[in-house]
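No hydrogens, no waters, no symmetry mates; every other heavy atom, side chains included, goes into these values. The model shown is predicted, which means the values in this text are computed figures rather than measured ones.
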Amino acid sequence: MQLRTRKIEIPPDHQATLAMLEAHNVAVRKIEDEKKQNEYLEDVLEEIPLRFRHKSFADFEIECTAQAEVIKIIKSYANTFSDRLLEGCSLIFLGVPGTGKTLLAFILYQHLVKSGFRAEYQPSLHFLRLLQEKQFESYHAFDSLLNFYKELPFLIIDEVTEGCGKGAYPSDWERHLLRMLIDVRYQANRCTLVITNRSRNELIERLGEPTVDRLSEKGISLAFNWKSYRNK
């Protein structure tokens, strides 16, 4: 026996009502999403040091061609971040202290957050110690925190070459955790920015070639090779 289906026709006035309800629901969801984004942005800004809060590309002083080229590259990276995220394009900032690496990192950070992307800034020692604490606490606690960092579209790791070892070298456990973190982000096509006051050779020496290779593949390495702004 073949069942016959009957098409139910909705009267035009009911269709109009349903359309109005759907439009209303879409508008409500949009307002709720905007509210959540604004709350997230406020939380992010609260955590940024006052020296760098509300800074934009216009606040980065350009006094030489090299600085102008770096700003041009990072502006392009920021404005095309959706594409960079598809590629898993990471960044490396190299240069002596006082050349504006952290300032530019926070400018990029705020630009991306205001554009609707989730991002995080962490000094290397702070979050590595946090990962180590979670590792001792339980596998689940460690895995949850590692997964949190893995899923972030953009993660900034400052002073990545400094550690608890002799001569401020990263210790074995720090190198291991950094390698693990950068590898899971590499596998997930996430974008990572690492900042160091040292040269590229020292970066490789302190973190290991495999870790730097993962950051460099499809990545951009920028040398802040001008004099410190602090020496003016």
Side-chain angles (χ1 to χ4, degrees), residues 41 44-45 48-124 152-162 178 181-182 185-186 189-232:
L41 182 56
V44 166
L45 292 174
I48 293 175
L50 284 172
R51 178 181 294 276
F52 305 115
R53 197 176 299 173
H54 299 299
K55 296 295 183 181
S56 68
F57 289 110
D59 294 299
F60 194 91
E61 291 185 40
I62 298 176
E63 301 173 337
C64 65
T65 305
Q67 292 166 339
E69 184 62 23
V70 164
I71 284 293
K72 178 182 176 182
I73 291 169
I74 296 303
K75 275 185 177 179
S76 175
Y77 184 93
N79 293 329
T80 58
F81 185 70
S82 294
D83 295 330
R84 305 289 78 78
L85 194 54
L86 290 174
E87 300 169 357
C89 178
S90 290
L91 295 166
I92 300 174
F93 286 1
L94 306 153
V96 298
T99 49
K101 299 184 300 297
T102 301
L103 169 61
L104 188 55
F106 272 118
I107 290 172
L108 176 58
Y109 175 38
Q110 292 173 90
H111 179 97
L112 294 179
V113 170
K114 288 175 181 177
S115 300
F117 296 101
R118 289 177 62 242
E120 186 97 2
Y121 167 89
Q122 289 287 352
S124 181
L152 283 170
F154 191 68
L155 174 64
I156 302 169
I157 308 174
D158 203 353
E159 298 182 334
V160 71
T161 47
E162 310 310 302
L178 266 174
L181 173 68
I182 289 171
R185 290 183 58 77
Y186 168 82
N189 251 25
R190 300 304 189 210
C191 300
T192 306
L193 163 57
V194 298
I195 306 171
T196 176
N197 292 330
R198 301 182 184 274
S199 68
R200 184 175 181 84
N201 286 340
E202 288 175 300
L203 177 70
I204 294 171
E205 180 185 351
R206 286 170 174 255
L207 299 190
E209 194 162 357
T211 299
V212 178
D213 278 348
R214 280 167 171 73
L215 291 167
S216 301
E217 185 181 326
K218 297 182 181 178
I220 302 170
S221 184
L222 296 173
F224 289 56
N225 55 358
W226 48 83
K227 292 182 180 179
S228 170
Y229 289 110
R230 298 171 190 154
N231 292 335
K232 292 181 180 180

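In terms of modelled atom types and a separation under 3.5 Å, the side chain of K101 and the main chain of V96 share a donor-acceptor contact. In terms of modelled atom types and a separation under 3.5 Å, the side chain of T80 and the main chain of S76 share a donor-acceptor contact. Using modelled atom types, no side-chain atom of T99 and backbone atom of G95 make a donor-acceptor pair closer than 3.5 Å. Put simply, the side chain of N79 gets close to the backbone of K75: a donor and an acceptor are under 3.5 Å apart.
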TODO: Verify side-chain contact (heavy atoms from CB on, under 4.5 Å) between L178 and I157, making sure each step is shown before the conclusion.
DONE: CA-CA 10 Å; L178 266 174; I157 308 174; 4.2 Å; yes

TODO: Given side-chain contact (heavy atoms from CB on, under 4.5 Å), test L222 with L94 step by step and report yes or no.
DONE: CA-CA 6 Å; L222 296 173; L94 306 153; over 6 Å; no

Task: Verdict with supporting geometry, F93 and T196, side-chain contact (heavy atoms from CB on, under 4.5 Å) - done: CA-CA 6 Å; F93 286 1; T196 176; over 6 Å; no

Open item on the list: Applying side-chain hydrogen bond (donor to acceptor under 3.5 Å, both in side chains) to D158 and T102, what does each step give before you reach the verdict?
Closed with: CA-CA 8 Å; D158 203 353; T102 301; 3.2 Å; yes

Task: Step-by-step side-chain contact (heavy atoms from CB on, under 4.5 Å) determination, L108 to L91 - done: CA-CA 11 Å; L108 176 58; L91 295 166; 3.7 Å; yes

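G219 and C89 make their closest contact through CA-SG, 4.1 Å (heavy atoms, listed as atom of the first residue, atom of the second, distance). In terms of heavy-atom proximity, R118 sits nearest to P153 at O-CD, 3.2 Å. Nearest heavy-atom pair across L112 and A78 is CD2-O, 4.1 Å. For the residue pair I92 and S216, the shortest heavy atom distance occurs at CD1-OG, 3.9 Å. Residues I74 and L104 share a closest heavy-atom pair of CG1-CD2, 3.8 Å. In plain terms, the two heavy atoms of N189 and L86 that are nearest each other are ND2-O, 2.7 Å.
Between R206 atom CZ and S199 atom OG the span is 9.5 Å, to the nearest 0.5 Å. Here the CZ atom belonging to F106 is positioned 10.0 Å from the CZ atom belonging to R53, to the nearest 0.5 angstrom. Y109 contributes atom OH, which lies 14.0 Å from atom CD1 of I107 (distance to the nearest 0.5 angstrom). Atom OH of Y229 is separated from atom CD of Q67 by 3.5 Å, given to the nearest 0.5 angstrom. Residue L207 holds its CG atom at 6.5 Å from CD1 of I182, rounded to the nearest 0.5 Å. Between atom CZ of residue R185 and atom CG of residue L155 there is a gap of 4.5 Å, rounded to the nearest 0.5 Å.
With sequence neighbours left out, the side-chain contact (heavy atoms from CB on, under 4.5 Å) criterion links E217 to Y186. Shown here are the side-chain contact (heavy atoms from CB on, under 4.5 Å) partners of S90, two or more places apart in sequence or in another chain: T192, L215. Applying the salt bridge (charged side-chain N to carboxylate O under 4.0 Å, His left out) criterion to E162, with sequence neighbours excluded, gives R198.
Proximity of P123 to Y121: side-chain heavy atoms (C-beta onward) are separated by under 4.5 Å at one or more points. Contact annotation: the side chain of R190 never approaches that of L152 to less than 4.5 Å [non-hydrogen atoms, C-beta and beyond]. When side chains are defined from C-beta on, V70 counts as touching W226, because their heavy atoms get closer than 4.5 Å. The shortest side-chain heavy-atom distance between F60 and K55 does not fall under the 4.5 Å cut-off.
Between the side chains of T161 and N197, not a single donor N or O lies within less than 3.5 Å of an accepting N or O. A donor-acceptor contact under 3.5 angstrom links the side chains of E120 and Q122, judged on distance only.
Between F154 and F81, the distance separating the two ring centers is shorter than 6.0 angstrom.
Other residues, nucleotides and ligands place more than 12 heavy atoms under 6.0 Å from the CD atom of E87.
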